[in-house]
2 protein chains.
Amino acid sequence: MTAYLLQQPVLLAVDCIVFGFDGKDLNILLIKRNFDPEQGRWSLMGGFLKKGESLPDAANRVLKTLTGLEGVYLEQSKVFCEPDRDPAERVISMSYFALIDINKYEHQVTEDYEAKWFLLDKKPRLVFDHDDMVRQALHQLRYKAALHPLLFELLPERFTIPQLQALYEAVYDTVFDNRNFTRKLISTGLLIKQTAKDKSGSKKGAYLYKLDKRKYKKQQGAFLNLIPRPDKLL
Amino acid sequence: MTAYLLQQPVLLAVDCIVFGFDGKDLNILLIKRNFDPEQGRWSLMGGFLKKGESLPDAANRVLKTLTGLEGVYLEQSKVFCEPDRDPAERVISMSYFALIDINKYEHQVTEDYEAKWFLLDKKPRLVFDHDDMVRQALHQLRYKAALHPLLFELLPERFTIPQLQALYEAVYDTVFDNRNFTRKLISTGLLIKQTAKDKSGSKKGAYLYKLDKRKYKKQQGAFLNLIPRPDKLL
DNA sequence: GCAAAAGTGTTAATAATACACCCATGC
DNA sequence: GCATGGGTGTATTATTAACACTTTTGC
């Protein structure tokens with residue numbers, strides 16, 4: 001089993017950026033690194049690729065082990081491969097980002113695991129090139145979400161249109177006209193209106209919607225146009 | 001230097017998909033694999049990551065070594081990580097695709113190196129998962145080129161609008177209305193009309209254009225809209 | 001009754017599409 | 001003179017953006 005002699009083996013890692021939405025701001029989940037180098041500093045959830053495991057498998061395992069998260073939306077981001085990115089050894093890392101409904105897991109990840117949520121723009125400095133990873137993942141999230149239905153992954157199963165708009169506004173750090181936003185959203189045909197209302201956000205209450213899962217699956221790759229002038233915002 | 005004990009080292013490779021345009025069809029550059037396993041079969045240009053080298057560095061080196069190509073457009077594609085993708089050892093490969101003006105290098109790569117151009121839809125079966133890599137890269141090319149200026153990389157420095165249209169039509173396997181295509185193209189402001197004409201394609205001759213390099217660099221990330229209904233074509 | 005958020009329509013501007021004929025040249 | 005590919009304009013339709021008031025309800 002040494003067909004490729006003289007080649008340099010390396011360590012391959014995965015690092016996961018977990019984004020969550022609290023109804024108002026984008027948040028990111030971090031853990032305190034409990035081994036050297038850089039023990040005690042804040043870090044993304046990471047781990048090494050194991051024998052017989054694919055990279056997405058590894059990312060899912062790492063997420064599950066460090067935060068208990070399972071079955072969440074996970075997308076491959078960029079590879080980080082600078083020779084000296086990890087001072088201890090040559091490690092190449094593939095980054096993944098996850099999108100979750102923050103409320104669904106808030107207590108679980110902070111109590112059962114040693115993870116902590118941070119407001120995205122108040123997060124601490126991270127180890128190695130993890131700040132870069134976050135920046136890149138955020139860029140990728142904005143890019144993809146401007147073109148495809150995706151941000152639904154950050155909301156609970158039933159959500160209101162004002163919640164969704166607040167989410168888009170948080171991701172793009174801007175404000176949209178609510179009439180145009182609603183119209184475009186409805187016209188996607190992706191939403192099913194519920195009879196119940198959510199009264200947590202106002203006295204009047206806003207209608208709850210849920211995703212038409214079948215159409216959503218079909219249209220994952222389809223184009224969306226909720227964002228006016230995406231080129232201005234990316 | 002063994003901070004991460006007990007981790008599985010792996011071999012990391014890069015594989016390069018080189019696309020070229022001959023004025024009529026998309027082509028792909030392949031080489032005959034000259035070592036085991038799978039010696040003698042057609043393959044992408046690949047090689048292993050070396051000490052102190054980043055992945056893009058490795059991709060450029062591999063391209064240069066195997067084909068003489070240097071300084072060409074090179075973009076990271078997907079990672080291929082199935083545990084058994086290479087029967088000999090655990091190898092994870094990052095694929096890159098390159099875009100080149102086929103005529104500029106045609107003789108060089110086929111005479112000085114043992115590479116050969118194939119029509120994309122008449123290429124032979126490739127080793128391992130390289131067919132997958134090609135498929136993925138083509139998809140990525142179509143996706144990106146539908147949104148951003150990119151296909152110019154496949155043409156000579158000076159080109160005609162009919163040439164560019166033929167290129168888009170080859171990439172998307174469809175036909176566009178030449179009046180609408182020309183109008184959209186001119187409106188990007190990316191082209192500078194030359195006084196000379198190219199008479200190779202017709203008796204009348206078509207005006208040559210070249211890219212406004214400054215605007216092009218600036219707009220690499222900007223959105224393009226040469227493709228009607230991109231969602232239908234991807 | 002009033003503050004606070006939800007919900008809803010119309011108009012104007014812009015962008016995209018469909019469509020067809022004349023032009024220049026080499027042979 | 002005719003065959004071949006190059007170049008150009010307009011009318012229609014579809015999409016997007018700008019814009020403000022009424023509704024509901026908890027307090």
Side-chain angles (χ1 to χ4, degrees), chain A residues 22-24 146-147 155 158-170 172 174-210 222-234, chain B residues 22-24 146-147 155 158-170 172 174-210 222-234:
Chain A
D22 61 12
K24 196 152 168 305
L147 301 170
L155 290 177
R158 302 196 311 163
F159 53 87
T160 69
I161 291 182
Q163 277 168 12
L164 188 62
Q165 183 171 346
L167 169 54
Y168 271 86
E169 292 181 340
Y172 295 101
T174 185
V175 288
F176 300 128
D177 180 278
N178 67 328
R179 289 160 292 190
N180 292 336
F181 185 84
T182 305
R183 185 173 336 102
K184 285 177 168 188
L185 188 58
I186 298 297
S187 79
T188 63
L190 287 174
L191 298 192
I192 303 170
K193 193 175 191 169
Q194 309 296 105
T195 49
K197 283 187 156 191
D198 168 69
K199 296 217 170 190
S200 66
S202 70
K203 294 152 192 171
K204 184 178 178 182
Y207 281 106
L208 287 162
Y209 288 81
K210 60 179 191 183
F223 281 71
L224 201 66
N225 61 345
L226 296 177
I227 310 302
R229 310 193 205 84
D231 40 341
K232 298 276 186 291
L233 297 175
L234 298 177
Chain B
D22 60 12
K24 196 152 168 303
L147 302 170
L155 290 177
R158 302 198 309 164
F159 53 86
T160 69
I161 292 181
Q163 276 168 12
L164 189 62
Q165 183 171 347
L167 169 54
Y168 272 86
E169 293 181 339
Y172 295 100
T174 185
V175 288
F176 300 129
D177 180 277
N178 68 328
R179 287 162 293 189
N180 293 336
F181 185 83
T182 305
R183 184 171 339 103
K184 285 176 168 187
L185 188 58
I186 298 297
S187 79
T188 63
L190 287 175
L191 298 192
I192 303 171
K193 193 175 192 168
Q194 309 296 105
T195 49
K197 285 186 156 191
D198 168 69
K199 296 216 170 190
S200 67
S202 71
K203 293 152 192 167
K204 182 179 179 182
Y207 282 106
L208 287 162
Y209 287 81
K210 61 179 191 183
F223 281 71
L224 201 66
N225 60 346
L226 296 177
I227 309 303
R229 310 194 204 83
D231 40 341
K232 297 277 186 291
L233 297 175
L234 299 178

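One interatomic measurement links the two molecules: NZ of B:Lys193 to C1' of D:dG6, which rounds to 11 Å at whole-angstrom precision. The interatomic distance linking B:Tyr207 (OH) with C:dA24 (C1') rounds to 10 Å, in whole Å. Counting to the nearest Å, the P atom of C:dG7 and the CG atom of A:Leu185 are 12 Å from each other. Distance, B:Lys197 NZ to D:dG5 P: 15 Å, rounded to whole Å. One atom, CG of A:Asn180, and another, P of C:dT8, lie 14 Å apart when rounded to the nearest Å. Atom CZ of A:Phe176 and atom P of D:dA18 are 12 Å apart (whole Å). Here C:dG9 presents its C1' atom at 15 Å from CD1 of A:Ile186, a figure rounded to the nearest Å. For the pair B:Leu164 CG and D:dG5 P, the computed distance is 19 Å after rounding to whole Å.
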Requested in this report: Step by step, work out the side chain to side chain contact (heavy atoms under 4.5 Å, CB included) result for A:Leu164 and A:Phe181.
Outcome: CA-CA 10 Å; A:Leu164 188 62; A:Phe181 185 84; 4.2 Å; yes

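Closest contact between the side chain of A:Arg179 and the listed nucleotides C:dA20, D:dA20, D:dA18 involves D:dA20.
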Detail all sub-3.5 Å separations between protein N/O atoms and N/O atoms belonging to nucleotides 21-23 of chain D.
from, atom 1, to, atom 2, distance (Å)
D:dT23, O2, A:Lys204, NZ, 2.9

Interface polar pairs with nucleotides 14-16 of chain C, N/O, under 3.5 angstrom:
from, atom 1, to, atom 2, distance (Å)
C:dA16, OP1, B:Asn225, ND2, 3.0
C:dA16, OP2, B:Asn225, ND2, 3.1

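Side-chain atoms of A:Asn178 stay outside donor-acceptor range of the base of C:dA6, with no qualifying N/O pair under 3.5 Å.
With A:Leu208 as the partner, the side chain to side chain contact (heavy atoms under 4.5 Å, CB included) test is satisfied by one option alone out of A:Lys197, A:Gln163, A:Gln194, A:Lys193: A:Gln194.
Taking for each of A:Gly205 and A:Asp177 the nucleotide of DNA chain C with the nearest heavy atom, the 5'-most of the two is the partner of A:Gly205. Projected onto DNA chain D by closest heavy-atom contact, B:Ala206 and A:Lys203 fall at different nucleotides, the more 5' of which corresponds to B:Ala206.
At the heavy-atom level, A:Lys199 lies under 4.0 Å from the strands shown only through sugar-phosphate atoms.
Residues that satisfy the side-chain contact (heavy atoms from CB on, under 4.5 Å) test with A:Lys24, not counting sequence neighbours, are A:Asp22.
The two atoms that bring A:Phe223 and B:Asp231 nearest to each other are CD1-CB, 3.5 Å, heavy atoms only. In plain terms, the two heavy atoms of B:Pro230 and B:Ile227 that are nearest each other are CD-O, 3.5 Å.
In this structure, A:Tyr209 contributes its side chain and A:Ile186 its backbone to no donor-acceptor pair below 3.5 Å. Side chain of B:Lys184 to backbone of B:Asn225: a donor-acceptor contact under 3.5 angstrom is found.
Between A:Tyr172 and A:Tyr168, the ring-plane angle classifies as parallel under the 30° and 60° cut-offs.
A:Arg183 contributes atom CZ, which lies 10.0 Å from atom CG of A:Asn178 (distance to the nearest 0.5 angstrom).
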